[in-house]
There are 2 protein chains.
Amino acid sequence: MELTKWREEILKIIEKSKKPLTAEEIYKINKFKPNFSTVYRALKFLEEKNLIKSISFDKGPKYFYSSKKHYHFLYCTNCGKIEVFNKCIASQLENFIYKNFKFQITDHVFYFKGLCENCKEG
Amino acid sequence: MELTKWREEILKIIEKSKKPLTAEEIYKINKFKPNFSTVYRALKFLEEKNLIKSISFDKGPKYFYSSKKHYHFLYCTNCGKIEVFNKCIASQLENFIYKNFKFQITDHVFYFKGLCENCKEG
DNA sequence: ATTGAAATGCAAATGATTTGCATTCTCAAG
DNA sequence: CTTGAGAATGCAAATCATTTGCATTTCAAT
C-alpha cells in the first residue's frame with residue numbers, strides 16, 4: 001500500500017505549507033479527518049522515506065516540513081514562536097566532521113534562540 | 001535563599017561533567033538524593049540564571065551543560081547517542097539575523113544528525 | 001471471492017516534565 | 001531566642017505530545 005490516501009494528503013499539506021507544521025495543525029487542516037495516530041504514523045512513515053523532516057525545540061511539539069525545503073529557525077524562548085530563514089553555512093563543516101568523528105551526516109539542525117520582535121521589549 | 005545546597009550541588013555536577021547530562025543522570029549522580037521535582041526545579045532555576053544551558057533532540061530527554069562551555073552536537077538518529085564538538089561558525093550569521101529579523105539572539109543550537117560510527121554500517 | 005500483509009481507529013500506555021498542595025526550611029524582624 | 005513570611009522541598013497526581021496494543025478494515029495479488 002505504502003503511500004495511502006491519508007499519507008498522500010498529509011504530504012501534500014506539508015509540501016504546500018509555507019511554514020513547518022505541527023502534527024496537530026496537520027490534523028486540523030486535513031479535511032478527511034484521519035485519526036490522530038494515523039497522522040503520527042503517517043508523519044513517521046514520510047520521515048523514514050525522507051519525504052519530510054522534523055525538528056523539536058525545547059518544549060512543545062515537533063514541527064514538520066518538506067524535505068524539498070531547507071529551513072533554519074529562530075526560536076523565541078519566551079513565547080515559543082518560530083520563524084524560518086534559509087541562509088546556511090553548515091556545509092563548510094561537514095568535511096571536518098566526517099574526518100574527525102567518522103560520523104555520517106544526514107542532516108543538520110541549526111537555530112538561534114532569543115527573543116522575537118514582540119517579546120524583546122515586553 | 002536562591003542558590004540552595006541542592007542547586008549548588010547540581011550546578012557543581014554539571015560544571016564538572018565533561019559531557020551534557022540528562023535530568024535523570026544528574027539525579028542519580030547526586031549523592032544527597034533530592035526529589036526528582038527538585039532536580040527539575042533546580043535545572044529550571046539554573047537555566048533562568050544563565051548558569052546552565054539545555055538542548056533537546058528529536059526524542060528522549062533534555063541535556064544540560066554549563067554555560068561556560070559552548071557545545072555543538074552530533075546526534076545519531078538511530079541510537080540517540082550524542083557526541084559533542086566545539087568548532088563554531090555561527091557568529092558569522094548573527095549580524096545578518098539581527099538586521100533582517102529584529103530577533104534578539106541569546107543563543108544558538110546547531111547539531112548534525114546522522115549515524116555514528118557504530119550505527120553506520122549496522 | 002479469498003487471503004494475507006499492511007493501514008487504520010480507538011483507547012490505553014508511555015516518558016519526560018510540570019503542577020498543586022501540604023510541609024519544611026531559612027533568615028531577618030521583633 | 002521566637003516568630004512569621006516567603007521560598008524551597010517532597011510527594012502524588014496531572015499534563016502534553018507521542019506511541020503502542022489490539023481489533024477491525026482495506027487493498028492488491030492470487
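It should be emphasised that the depicted structure is a prediction, and the values quoted were computed from it without experimental measurement. Residue numbers start from 1 in every chain, and the chains themselves are labelled A, B, ... in the order their sequence lines are given, proteins ahead of strands.
Proximity of a side-chain donor or acceptor of B/S67 to a complementary backbone N or O of B/N50 within less than 3.5 Å is detected. With B/S56 contributing its side chain and A/F57 its backbone, the two residues share a donor-acceptor pair below 3.5 Å. Between the side chain of B/T22 and the backbone N or O of B/E25, at least one donor-acceptor pair lies under 3.5 Å.
We find that NZ of A/K44 is positioned 14 Å from P of C/dT8, with the value rounded to whole Å. Atom-to-atom, CG of A/L43 to P of D/dT20 comes out at 14 Å; the value is rounded to the nearest Å. Atom CD1 of A/I55 and atom P of D/dA17 are 17 Å apart (whole Å). Here D/dA17 presents its P atom at 15 Å from CG of A/L21, a figure rounded to the nearest Å. In this structure, B/Y63 atom OH and C/dT17 atom C1' are separated by 15 Å, rounded to whole Å. The distance from atom CZ of B/F45 to atom P of D/dG6 is 19 Å, rounded to the nearest whole Å. Taking atom OH of B/Y27 as the reference point, atom P of D/dG10 lies 10 Å away to the nearest angstrom. To the nearest angstrom, C1' of D/dA28 lies 16 Å from NZ of A/K5.
If you check distances only, the side chain of A/S37 does reach the base of C/dC10 with a donor-acceptor pair under 3.5 Å.
Considering only the side chain of A/W6, C/dG9 comes nearest among C/dT17, C/dG9, D/dG10. The side chain of B/N35 lies closest to D/dG10, out of C/dT8, D/dT19, D/dG10.
Side chains of B/R7 and B/F45 form a contact here, defined as non-hydrogen atoms less than 4.5 Å apart.
Each of B/P61 and B/R41 was assigned the nucleotide of DNA chain C with the nearest heavy atom; the assignment lying further toward the 5' end belongs to B/P61. Position along DNA chain C of the nearest nucleotide to A/P34 versus B/E24 favours A/P34 as the more 5'-ward residue.
Dashed line: the shortest gap from a side-chain N or O of A/R7 to OP1 or OP2 of C/dT8 is under 4.0 Å. In this structure, B/T4 does not reach the C/dT26 phosphate: none of its side-chain N or O atoms is under 4.0 Å from OP1 or OP2. Residue B/Y40 places no side-chain N or O under 4.0 Å from the OP1 or OP2 atom of C/dT18.
Here the two rings, on A/Y63 and A/Y75, have centers that are 6.0 Å apart or farther.
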